[in-house]
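Please read these numbers as outputs of a predicted model, since none were measured by experiment. Computed over heavy atoms, backbone and side chain alike; hydrogens, waters and symmetry mates excluded. For ligands, and for the atoms within them, numbers begin at 1 and follow the listed sequence. Positions are given from 1, in the same order as the sequence printed here.
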Amino acid sequence: MKIIVSAPGKLMLFGEHGVVYGRPCIVTAVGQRMKATVELTEEPLFELKAPDVQVTNYKKAIEDCGVGEIPKGAKFVEVAVKNFLDKYPFGGGVKVETKSEFSSEFGFGSSSASTVCVIKALSELTGTKLSDKALFKLAYKTVLDIQGVASGFDVATAVYGGTLYYVTPGKVIEPLSIDSLPLIVGYSGVKADTVTLVNQVSKLAEKYPQVIENIYSQIEKLVEQAKVALLNKDWLTLGEIMNFNEGLLAILGVEGKKLSDMIYAARDAGAYGAKLSGAGGGDCMISLAPEESVKEVKAAITKAGGQVIDIEANVEGVRIENE
Ligand code: PMV
């Protein structure tokens, strides 16, 4: 029995960092997808091929899933299988092959998307038929088991798709009904280290608790206003909110020179606004611009050393591709 499941990547729109501490964020699902082909086998083995993250022909006894040294590229899928098995035991083995339509360097959430794909596939293959919420919970637990700290917004996006207003740990997962979002996306060429940056901000919060709490409160207010502007397709206001949000992220110390160059270049070229997306220090920046400036904004991002990535926002969540 074999199944192919796919889940979208994500881009954080507003509210990163604050979302780790119970504040809301807004995130959108992007058209570049992660695909997993999953098969139940007779031999009690866990087998994985994930060429995008340099895992080829990785094999171990299924009962050893999650035990011992796990190669970096295999962690999320292996722990996902372990967590599924712990909760919904079944006999035999599992063969997984993942293939991504985007580089794991972009920060589009490839780890969370592959985690969601594998749990969804196992849920279908074993007849467990998990609800979206149960799928979210098990995938989020998997990410927490590995990363220690994460708000789970990327897991929610992989499961539900669309554009979500999200409060950790899935306390609110509210789909925002929008039909378009003409985002301009620039990749910095630098990999963001989410865990290090979250820890860095948490150290800052130990030393300056009130200042950082205030920053999170301001970010929360911006997220609330962004939600309204998004539903009204008010790109100008959303651009302004991007600029405010970016300023607050700069105070948290996560902006980074390369992203900041790209963000300023986009603004100078006529964008309504621009900000980083995700943990900061690398990955991608996002921008909104009047239609007549889009070409100039893209050229400016490229000139600042970024790579413009064409994306479709607000796409469908996890889905079965065939059986
Ligand atoms: O680096 P990313 O794209 O996974 O985004 C991190 C966003 C944070 O709010 C900093 C962390 C989180 O888990 O929400």
Side-chain angles (χ1 to χ4, degrees), residues 7-30 32 34 53 72 75-76 100 102-116 136 139-159 163-173 183 185-205 212 215-220 222-223 226 242 245-246 248-256 258-259 275-286 309 311 313:
K10 57 81 187 154
L11 274 169
M12 175 69 93
L13 299 180
F14 300 97
E16 47 272 90
H17 287 285
V19 68
V20 179
Y21 302 98
R23 314 286 183 157
C25 75
I26 298 176
V27 57
T28 195
V30 301
Q32 283 88 341
M34 169 66 73
V53 283
K72 198 165 162 257
K75 269 190 188 153
F76 287 84
S100 176
F102 57 90
S103 159
S104 64
E105 302 289 302
F106 288 173
F108 279 4
S110 53
S111 307
S112 296
S114 54
T115 305
V116 166
F136 165 78
Y140 182 36
K141 172 183 164 33
T142 303
V143 172
L144 282 180
D145 285 349
I146 295 163
Q147 260 179 227
V149 57
S151 67
F153 78 99
D154 42 2
V155 179
T157 315
V159 173
T163 300
L164 303 174
Y165 173 93
Y166 175 86
V167 180
T168 196
K171 191 170 140 199
V172 184
I173 302 177
L183 274 187
V185 180
Y187 171 55
S188 67
V190 184
K191 181 87 202 97
D193 182 345
T194 307
V195 175
T196 303
L197 282 155
V198 169
N199 289 336
Q200 187 184 306
V201 175
S202 129
K203 281 231 166 66
L204 212 56
I212 303 297
I215 300 293
Y216 292 152
S217 294
Q218 298 309 315
I219 290 177
E220 177 170 10
L222 291 176
V223 170
M242 281 182 176
N245 197 163
E246 179 65 20
L248 296 168
L249 288 165
I251 299 175
L252 295 181
V254 298
E255 195 174 35
K258 181 74 185 281
L259 278 175
K275 69 180 278 292
L276 66 84
S277 170
D283 289 350
C284 291
M285 50 76 70
I286 53 175
I309 304 174
I311 61 120

Using side-chain contact (heavy atoms from CB on, under 4.5 Å), reason through R23 and V223 one step at a time and then give a plain yes or no. CA-CA 9 Å; R23 314 286 183 157; V223 170; over 6 Å; no
With a 6.0 Å cut-off on the ring centroids, do Y140 and F136 count as close? yes
Report yes if some heavy atom in the side chain of [X] is under 4.5 Å from a heavy atom in the side chain of [Y]; otherwise report no.
X: V19; Y: Y166; result: yes
X: M285; Y: E255; result: no
X: L183; Y: V30; result: no

Side chain to side chain donor-acceptor pair (under 3.5 Å): pairs with one or both residues in residues 142-153, sequence neighbours excluded: N83-T142, N83-D145, K141-D145
Under a strict 4.0 Å criterion on non-hydrogen atoms, which protein residues are in contact with ligand 1? K10, E16, H17, V19, V20, G107, A150, S151, F153, T194, V198, G278, A279
